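All heavy atoms count here, side chains included; hydrogens, waters and symmetry mates do not. Note that this is a predicted model, so its numbers are computed, not measured. The sequence lines fix the lettering, A, B, ..., with proteins before strands; numbering per chain opens at 1.
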Amino acid sequence: MTLTVLEIRETDCDSIARLVDEQLARAPGFFSRMPVLLSLPAGLPDLKRVTEILKAADLSVVGVLDAGKAAAEAAREAGLGLMSSPGRNAKMPEDKTPEDKPAEKKPERNEQPARAAGDTDSSAKSPTRLVTKPVRSGQQIYARGGDLVIATSVSEGAEVLADGHIHVYGALRGRALAGASGDTEARIFCRRFEPDLVAIAGCYKVAEAMDEGVLSKTVQVRLDNDNLMIELQE
Amino acid sequence: MTKIIVVTSGKGGVGKTTTSASFAAGLAMRGHKTVVIDFDVGLRNLDLIMGCERRVVFDFVNVINGEANLKQALIRDKRIENLYILAASQTRDKDALNREGVERTLDKLSEDFDYIICDSPAGIETGALMAMYYADEALVVTNPEVSSVRDSDRVLGMLSSKTKRAIEGVTPIKEHLVVTRYAPSRVGKGEMLSLEDVGDILAIPLLGVVPESETVLNASNSGMPVVLENNADAGGAYIDMVARFLGEDRPMRFIEATKKGFFNRLMGR
């Protein structure tokens, strides 16, 4: 099972509300009624208000991820559950206030995500989604938490998304967004490249900005230091 | 076993009603008892194309609302045996259609008819959805131009997700591509999409190609399904189309530009 984590970096509720609105406006209806876990910043925002904001945006908050002591307390008051990410110790990390940033703690923090990533790999049962029918204009397909394999074509005006890689064995004429939740390693492979737009981890390129030489060709799209590379595949 | 066939396109003005009329007439001419229903409530046109506009007493909405029975509302075609028309209401709008009413009507028609042709309105709203909801097969009518092809693509997506067959997960609707207003000479000049382009994008089997033709307009204006026009190119295309639909193997016609002879060129024809 995969759960979407909403990472909150702001503590001001108004700017959180604005950012949530902006995010949702990009994909109306897409996150509708999606259960989310909150990942909270050090200086805690008002959790009750955050829950209300998200509820108003049609998201349902199920709990708080890797909560520190203060966050756990706030979560209990707001009636939210607690969860820890896979690979983390049962012991919660210490609460970090903004002034609490000793240099020697840094390596430890860096190490944890790495370990977590390793664990996800070993238990990788990422559900690859296979689509065998043409993806028609107006349709949207999202492979949450995995790769997307499309055996046919993606029409103009259709949108395919995956948290992992996207493979299109026919023509890609619509939009393809790989690494939809931020994985910069994700790639797009396609037999015939004529898209409206391609994006990896939020870095995108529209058809107009693409080199004519790659059109209708077999290509791979990858991210190289925030540069979206569209490469011919022989 | 009655077959319900929706004629749909997404875009308006591509030839849905013309195709519905001629396809239904063609099936009836082959001896199949056929009824064609106008789902374009509020913008009824089928009766004009079929030339029965002065004989409409009760319509589809009357039947749905129980204000008339089917026998009263069905209009028998005077030229072709086995062909019946159920007109739309001009004074109502699409909200007059509801799933239960449409289903009841189609069930009742299924007792008597071999084929039920549903002439869909343009768009992707209630009317179009109602027309396609109970379909077994679909004729997707497309003009060889980009906007029409994109809209047809959208409709194909709806056929495979919003219809009864799709929702119940049984055998999906059988889709057929009908390309109308095709002008091979303009394809040659790059002014129109070619059949290959259209087929490549929509990826469904081609049932027929109807050439751009004046006879279609003339036939429509005189209330005559173009399939009845003798010697008409478009009429021939519809006769072929019906034959293919019934399982016959007929080569595609009207897909190559006719070479202009010296004399014709001289005369500007």
With a 4.0 Å cut-off, would you call B/R250 and B/D240 a salt bridge? yes
Less than 4.0 angstrom from a charged side-chain N to a carboxylate O is my criterion; do B/D249 and B/R244 meet it? no
Any idea which of B/D200, B/V146, B/I204 has the most non-hydrogen atom pairs under 4.5 angstrom with chain A? B/D200
Under a 4.5 Å heavy-atom cut-off, does chain A meet the side chain of B/I124, its backbone, both or neither? neither
Contact class of B/D151 relative to chain A, heavy atoms under 4.5 angstrom: neither
Would you mind checking which part of A/S153 comes under 4.5 Å of any heavy atom in chain B, side chain (CB onward), backbone (N, CA, C, O), both or neither? neither
If we ignore hydrogens and angles and just use 3.5 Å, is the side chain of B/Q90 paired with the main-chain N or O of B/R44 as donor and acceptor? yes
Between A/F189 and A/Y169, does the ring centroid distance fall short of 6.0 Å? no
